[in-house]
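Inspection log for the structure reproduced underneath, given as structure tokens.
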Amino acid sequence: MTLGKLAGKVAIISGSGRGIGRALAIKLAAEGARIVVNDLDEVPAQEVVDAIRAGGGDAVACVGNVTDTDFGERFVGTALERFGGLDIIVNNAGYTRDGVIQKQTDEQFQAMMDVHVTAPFRILRAAAEHFRVASKQEAAEGREVIRKVVNISSMAGTHGNAGQVNYSSAKAALVGMTKTMSKEWGRLKVCVNCVAFGFIETRLTKPREDPSTRIEIDGEVIQAGVPAEMLGALRSMVPLGRAGTAEEAAGGVYLLCSPESDYISGQVLIVGGGVSL
Ligand SMILES: NC(=O)c1ccc[n+]([C@@H]2O[C@H](COP(=O)([O-])OP(=O)(O)OC[C@H]3O[C@@H](n4cnc5c(N)ncnc54)[C@H](O)[C@@H]3O)[C@@H](O)[C@H]2O)c1
């Protein structure tokens, strides 16, 4: 087994085929965790699994849309069946589907709720029984094992962002879910926290002309990305003077997965290069 701060731990990370989730999967694996990699798209998910294995770690893919009603059970089940446990859950999968309120359809609004709120809810609910049984057994053995949940939010959720009423509402709901679950699951020794990113360089923040910003979800092509003329303004709002990298963003999530954060729960950590609006 690889030695590291997360040796022996099992982590499931939704949307870890690309971007921040991918960087996090590689980081947690480098610290010794075994990883269940999820993505909508099989090729990038398998590529991350292969990269982790090539680095001496252990990972398996669980491909699929987090909004599928049975996905939570399948995701948690993969960790339990393949690795015999579950210690870290990161609800990271997501995308944007922007528009000013008068142009947003019900379906556009609901899509953000489905992927950013309902899917994390179902994943956490699917893990509840395992957490209950494991914590009860560990308590009977006189051991305290701290498990971790990190929900990925956005500064659009904590501070608002014009053109993102659907996305920001959903990301704000994740803050409420985090705070409630930290209270429900403290007795199970599960720390539940939230990371809200500012401006991180991934395909979601590329100029809309970039072909990678057209994302296919269940056969429908969605336009993500940021209007090119806004990128300079966004960058100039960051005290550190630049967007964060996926690796820097993953570093913020890693802090809340590491043993150093074992007494931190119910918090929202802003990873935004110093932005505070
Ligand atoms: N990039 C930023 O500046 C930024 C800022 C705030 C919050 N976020 C959040 O960070 C998270 C990661 O985003 P990213 O920037 O790395 O984007 P990304 O597009 O690079 O990576 C997200 C991954 O999630 C997958 N995914 C999307 N919807 C999915 C679904 N329904 N089921 C399974 N997989 C799905 C995608 O296929 C993709 O591989 C998202 O929740 C996003 O909202 C990003």
Side-chain angles (χ1 to χ4, degrees), residues 12-26 36-48 61-72 74-75 90-98 110-120 122-123 150-161 164 166-175 194-206 210 212-226 230-231 234-235 237-238 242-250 252-253 268-273 275:
I12 63 178
I13 309 171
S14 67
S16 46
R18 294 186 187 82
I20 299 162
R22 177 187 194 280
L24 181 68
I26 288 169
V36 180
V37 174
N38 155 260
D39 210 275
L40 266 178
D41 304 315
E42 187 169 0
V43 171
Q46 194 54 49
E47 187 268 333
V48 175
C62 177
V63 176
N65 192 332
V66 294
T67 66
D68 290 347
T69 47
D70 64 346
F71 180 77
R74 198 157 67 79
F75 199 23
V90 182
N91 278 310
N92 167 78
Y95 60 98
T96 49
R97 216 175 139 182
D98 298 349
Q110 192 57 46
M112 292 291 97
M113 293 294 157
D114 291 346
V115 70
H116 295 288
V117 188
T118 310
R122 290 199 187 116
I123 290 167
V150 185
N151 293 319
I152 302 303
S153 184
S154 163
M155 289 187 73
T158 55
H159 294 71
N161 193 27
Q164 292 195 313
N166 52 355
Y167 180 76
S168 64
S169 300
K171 289 300 200 186
L174 265 182
V175 173
C194 192
V195 172
F197 295 123
F199 179 20
I200 308 298
E201 248 162 21
T202 68
R203 65 178 184 164
L204 292 188
T205 52
K206 284 203 160 88
D210 190 300
S212 73
T213 62
R214 279 183 288 285
I215 300 175
E216 196 178 319
I217 313 267
D218 287 340
E220 194 186 350
V221 177
I222 309 286
Q223 178 67 65
V226 178
M230 277 178 61
L231 285 169
L234 275 176
R235 211 167 273 120
M237 287 165 66
V238 182
R242 60 172 176 81
T245 64
E247 288 71 24
E248 288 168 326
V253 184
V268 181
L269 174 66
I270 300 216
V271 176
V275 179

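Indexing begins at 1, ligand by ligand and atom by atom, following the structure's order. Because only heavy atoms are used, hydrogens play no part in the values below, and waters and symmetry mates are left out as well, while side chains stay in. What you are looking at is a predicted structure, and each value in this text was computed from that prediction instead of being measured.
- A distance limit of 4.0 angstrom between heavy atoms and ligand 1 selects the residues Gly15, Arg18, Gly19, Ile20, Asn38, Asp39, Leu40, Asp41, Gly64, Asn65, Val66, Asn92, Ala93, Gly94, Tyr95, Val115, His116, Ile152, Ser153, Ser154, Tyr167, Lys171, Phe197, Gly198, Phe199, Ile200, Thr202, Arg203, Leu204, Thr205.
- Considering only residues two or more places apart in sequence or on other chains, Arg242 meets the salt bridge (Lys or Arg N to Asp or Glu O under 4.0 Å) condition with Glu248.
- Contact check on Arg203 versus Asp210 returns no salt bridge, with no Lys/Arg side-chain nitrogen under 4.0 Å from an Asp/Glu carboxylate oxygen.
- In terms of the side chain to side chain donor-acceptor pair (under 3.5 Å) criterion, residue partners of Gln110 (sequence neighbours excluded) are, by chain and number, Asp114.
- Residues that satisfy the side chain to side chain contact (heavy atoms under 4.5 Å, CB included) test with Val271, not counting sequence neighbours, are Val195, Phe197, Leu269.
- Asp41 and Arg18 are joined by a salt bridge, as a carboxylate oxygen and a charged side-chain nitrogen come within less than 4.0 angstrom of each other.
- Annotation: side chain of Asn65 is in contact with side chain of Ile217 (closest heavy-atom distance under 4.5 Å).
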